[in-house]
Amino acid sequence: MMRIFNRLFWLPLLVLSLVQSQSADFNFQRYIQTQETTGLLKNAQWSLYAIYADSKEPVIEHNIRFALAPASCLKLITTGAALKILGADYTFKTCVLTDGFIAPNGQIKGNIILKGGGDPTLGSAVVPGSLPLDSLFLSWVQALKQKGIRRIEGDIIADATLFDPHPIPDNWAWVDMGNYYGASSPALSIHDNLYYLIFKPAQTAGQPAPIVGTRPLIPGLSFENYVLTGPAGSGDNAYIYCAPQQFKARVFGTVPAGVDSFTIKGSIPDPALFAAQYFLTFLQKSGINVTGKALTLKKPARTRRQILLAETTSPPLKKIIEQINKRSINLYCEMLVKAISIERGGNGNTKHGLNVIKKTLEDLKVNTEGLHLSDGSGLSRTNAITVRTMVEFLNVMRHDEQFTDYLHSLSLAGDPNDVGYFKKWGVGTKLAKNARLKSGLIESVRSHSGYLRDSSGRWIIFSFIANNFDGHFSAIDRIHESLLIQLSNLEN
C-alpha cells in the first residue's frame with residue numbers, strides 16, 4: 001500500500017449526520033445518488049455491492065459491472081487463493097549449506113550457500129514466530145559452531161534462484177520502487193527487504209535535511225539527496241527513487257522540522273546480496289573467519305553434493321496472511337504469488353502465479369469478467385476487478401474449511417487493540433467489533449471490502465471501490481463507514 005497521506009478531517013455535513021443516524025428506513029439508493037452529485041464523487045467511478053451471504057440477496061447494488069483498480073483490497077483475492085492452493089499450515093524453508101567439506105580442524109573447504117525458499121518473513125520482526133535479523137544470523141552461527149566450524153575457505157553465496165529473476169511486477173510505478181512498499185521479491189528475501197533512512201531535519205522549513213545514514217548499513221548504496229525540511233508536524237513526505245539492483249538512489253520531498261532525527265523506509269536494492277554481505281560480516285564478528293566474498297547466483301548452480309548446516313522454517317501461512325491483510329504488506333503478497341507458481345509447476349514467475357489465481361477463481365465458479373491482474377498486492381494502478389467478483393469470492397471463502405483463519409486476518413472495526421487501520425471505525429455504533437475489513441489505497445483509489453453482521457446476526461458481504469475522486473481519501477472513508485453502519489443496523 002502506498003504511504004498514507006497526512007490525514008485531513010474535512011467531512012461533508014451529510015455524512016456526519018448519517019453516521020449519527022440509526023434510522024431503520026434508511027434509503028441506500030437515495031444516499032448514494034446524493035453523494036454522486038457532490039464534488040467528491042461527481043466525476044469518479046464508484047462501485048458498491050453488498051449482499052446477504054445466505055441468500056445472495058443484494059442490499060446495495062451500484063455500478064457493479066465497473067472494472068476498477070482495487071488497490072490493497074486485491075490482497076483478499078491473493079491470500080484467499082493462497083490458503084486454498086498452499087494450505088493454512090504451509091511453511092517456507094531457508095537452508096544454510098556448504099558445497100565443500102568440513103575438515104577435522106574446523107575449516108570448511110568450500111562455500112557457504114544461503115538457499116532461499118521463498119520465505120517472506122525471513123529476518124523479520126513483524127510476524128510472530130519469525131526471528132529478527134540478528135537473532136536469525138546468530139542461530140545460524142551457533143549451528144555452524146556446534147559443528148566445530150571455525151574458518152570458511154570460500155565465499156558466502158546467496159541463492160535466490162527458486163523464483164525467476166524478474167524482481168518486480170511490470171506495471172509498478174517508478175515513484176514506488178525505492179520505497180519499502182515497492183520492494184522486490186526474490187526467493188531469498190531478508191528483513192522485509194527494507195532499510196531505514198535517517199535524516200537530520202533543520203530547525204526551519206525550507207532548509208536542507210541531511211542524511212545521517214541507514215539502518216542497517218547497505219553496502220554500496222549512495223544517495224543524491226534533495227529532501228528539504230517541511231513544517232513541524234507535516235510528517236513523512238519524502239520518496240526514494242531507486243530501481244531494483246540499482247545502488248544510486250535519489251530522494252525528494254520533505255521531512256518535518258522540530259525533531260532531532262526523522263526516519264523513512266526504503267527498499268533494499270538487492271536483498272539476496274545484502275543477506276550474504278550481512279551474514280559474512282556477522283560471521284567475522286562472531287569469530288568465524290571467511291576468506292572469500294559475498295556473492296549471488298544468477299542461475300541455479302550445478303555443484304557436487306551439498307551439506308545442510310542449518311535450516312530455518314517460517315511461521316505457518318495463516319500467520320503470514322494475518323500480517324498481510326492487517327498490515328497490508330505488499331512484499332509478502334508478491335512472494336505468495338511466486339510460491340503459488342512454484343506449487344503449480346511454474347518457475348516462480350509472477351505472471352504464471354497470477355494466471356493460477358485467476359483459474360482458481362474460475363474453478364470456484366466466481367465471475368471473473370473484468371478481472372485483470374498485474375500483481376498480487378494491488379500496488380499497480382493497472383489491476384482491475386469488479387465489486388461483484390470480490391463479493392462472490394468472499395462468499396466462497398465463507399464456506400472454506402480455513403475461513404476462520406481468513407476472517408481473522410482482516411482488521412476488526414472499532415477495536416483499539418487490533419492491528420490495522422480501523423481502530424476508530426463505528427465506535428459507539430453496532431458496527432464496532434462487528435465487521436472485519438480490508439482497505440486499499442493508491443493514487444486516486446480508495447476501497448473497502450469484508451464481512452459484517454446485521455442486527456439480526458445475518459452475514460453481509462460487501463465491497464466498495466472508488467476511483468478518480470476529487471478530494472482526500474478520508475472523505476471516502478467517512479462515506480463508506482456510514483454505509484457500513486447502516487448495514488449493521490438492518491434487521492430481518
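Here, residue 1 is the first one in the sequence, and each next residue gets the next number.
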Which atom of Ser411 lies closest to which atom of Gly420, heavy atoms considered: OG-CA, 3.5 Å
Residue pair Ala88 / Leu83: nearest heavy atoms and the distance that separates them: CA-CD2, 3.7 Å
Sidechain-backbone polar pair: Ser449 side chain, Val391 backbone, donor-acceptor under 3.5 Å: no
Lys423 side-chain N/O to Asp418 backbone N/O, donor-acceptor pair under 3.5 Å: yes
Partner of Lys93 under side-chain contact (heavy atoms from CB on, under 4.5 Å), chosen from Thr313, Asp119, Thr312: Thr313
Ring geometry between Trp174 and Tyr241 (parallel below 30°, tilted from 30 to 60°, perpendicular above 60°): tilted
cation_pi(Arg215, Tyr196) dist<6.0 Å, angle<=45: yes
Spatial distance of atom CE (Met397) from atom CG (Leu364) [nearest 0.5 Å]: 9.0 Å
Non-hydrogen atoms of Ala272 and Ala160 that approach each other most closely: CB-CB, 4.0 Å
Ile190 CD1 to Leu114 CG distance, which is reported to the nearest 0.5 Å: 8.5 Å
Within-4.5 Å side-chain heavy-atom neighbours: Tyr49 and Ile60: no
Sequence neighbours excluded, every pair satisfying salt bridge (charged side-chain N to carboxylate O under 4.0 Å, His left out) that has a member inside residues 383-404: Lys84-Asp400, Arg388-Glu392
Asp470/Lys42 ion pair, N-O < 4.0 Å: no
Any residue meeting side-chain hydrogen bond (donor to acceptor under 3.5 Å, both in side chains) with Asn349, in chain and number order, not counting sequence neighbours: Asp164
Side chains of Ser409 and Lys438, donor plus acceptor under 3.5 Å: no
Heavy-atom side-chain proximity of Tyr31 to Leu483 below 4.5 angstrom: yes
Whether Asp236 side chain and Ala238 backbone form a donor-acceptor pair below 3.5 Å: yes
For Asp170, side-chain contact (heavy atoms from CB on, under 4.5 Å) partners two or more places apart: His166
side-chain hydrogen bond (donor to acceptor under 3.5 Å, both in side chains) pairs, two or more places apart, involving residues 182-193: Ser124-Asp192, Ser185-Lys338, Ser189-Asn193, Asp192-Tyr332
Check against side-chain contact (heavy atoms from CB on, under 4.5 Å), Leu487 and Leu484: CA-CA 5 Å; Leu487 287 173; Leu484 295 178; 4.0 Å; yes
All ring-ring contact (aromatic ring centres under 6.0 Å, His included) counterparts of Phe274, not counting sequence neighbours: Tyr278
Point-to-point distance, once rounded to the nearest 0.5 Å, from CG of Leu331 to OH of Tyr180: 12.0 Å
Check: His448 and Ser439 side chains under 4.5 Å, non-hydrogen atoms: yes
Residues Glu362, Lys359: salt bridge by 4.0 Å N-O rule: no
Ser488 vs Asn434, side-chain hydrogen bond (donor to acceptor under 3.5 Å, both in side chains): CA-CA, chis, key distance, verdict: CA-CA 8 Å; Ser488 68; Asn434 179 42; 5.0 Å; no
Steps toward side-chain contact (heavy atoms from CB on, under 4.5 Å) verdict (Ile476, Phe469): CA-CA 9 Å; Ile476 300 293; Phe469 46 89; 4.0 Å; yes
Backbone of Leu194 reached by a side-chain donor or acceptor of Ser267 within 3.5 Å: no
Residue pair Leu317 / Leu336, side-chain heavy-atom distance below 4.5 Å: yes
Side-chain donor-acceptor pair present, Asp375, Asn383, cut-off under 3.5 Å: yes
CE on Met390 to CG on Leu68, rounded to 0.5 Å: 11.0 Å
Mutual orientation of the aromatic rings belonging to Phe422 and Trp425 [parallel < 30°, tilted 30-60°, perpendicular > 60°]: perpendicular
Within-4.5 Å side-chain heavy-atom neighbours: Leu48 and Phe28: no
Sidechain-backbone polar pair: Ser47 side chain, Asn63 backbone, donor-acceptor under 3.5 Å: yes
Leu40 vs Ile479, side-chain contact (heavy atoms from CB on, under 4.5 Å): CA-CA, chis, key distance, verdict: CA-CA 11 Å; Leu40 181 68; Ile479 294 171; 3.6 Å; yes
Heavy-atom side-chain contact between Ile64 and Thr386 under 4.5 Å: no
Within the 6.0 Å centroid threshold, strictly below: Phe262 and Phe199: no
Note, His352 side chain near Val356 side chain (heavy atom, < 4.5 Å): yes
Lys351 atom NZ, neighbour heavy-atom count above 12 within 6.0 Å: no
With Ala232 via side-chain contact (heavy atoms from CB on, under 4.5 Å) - residues at least two apart: none
Gap separating the CG atom of Asn325 from the SG atom of Cys333, nearest 0.5 angstrom: 7.0 Å
Pairwise side-chain contact, Leu441 with Tyr421, heavy-atom cut-off 4.5 Å (strictly under): no
Heavy-atom closest pair, residues Asp454 and Leu490: CB-O, 3.3 Å
Shortest non-hydrogen contact from Ala209 toward Pro201: CB-CA, 4.1 Å
Under 3.5 Å donor-acceptor, Glu322 side chain and Asp405 backbone: no
His62 vs Glu36, side-chain contact (heavy atoms from CB on, under 4.5 Å): CA-CA, chis, key distance, verdict: CA-CA 11 Å; His62 183 70; Glu36 284 196 316; 2.9 Å; yes
Thr78 OG1 to Ile85 CD1 distance, which is reported to the nearest 0.5 Å: 9.5 Å
Side-chain donor/acceptor of Ser314 to backbone N/O of Thr121, under 3.5 Å: no
Test item: Asn330 side-chain N/O and Gly182 main-chain N/O as donor-acceptor pair under 3.5 Å: no
Gln29 CD: over 12 foreign heavy atoms closer than 6.0 Å: yes
Pair Ser455, Lys430: side-chain N/O donor-acceptor within cut-off below 3.5 Å: yes
Tyr406 side-chain N/O to Leu76 backbone N/O, donor-acceptor pair under 3.5 Å: yes
Mutual orientation of the aromatic rings belonging to Phe464 and Phe462 [parallel < 30°, tilted 30-60°, perpendicular > 60°]: tilted
Closest non-hydrogen atom pair between Ile51 and Pro58, with its separation: CG2-CA, 3.9 Å
Donor-acceptor contact present, side-chain Asn467 to main-chain Ala69, <3.5 Å: yes
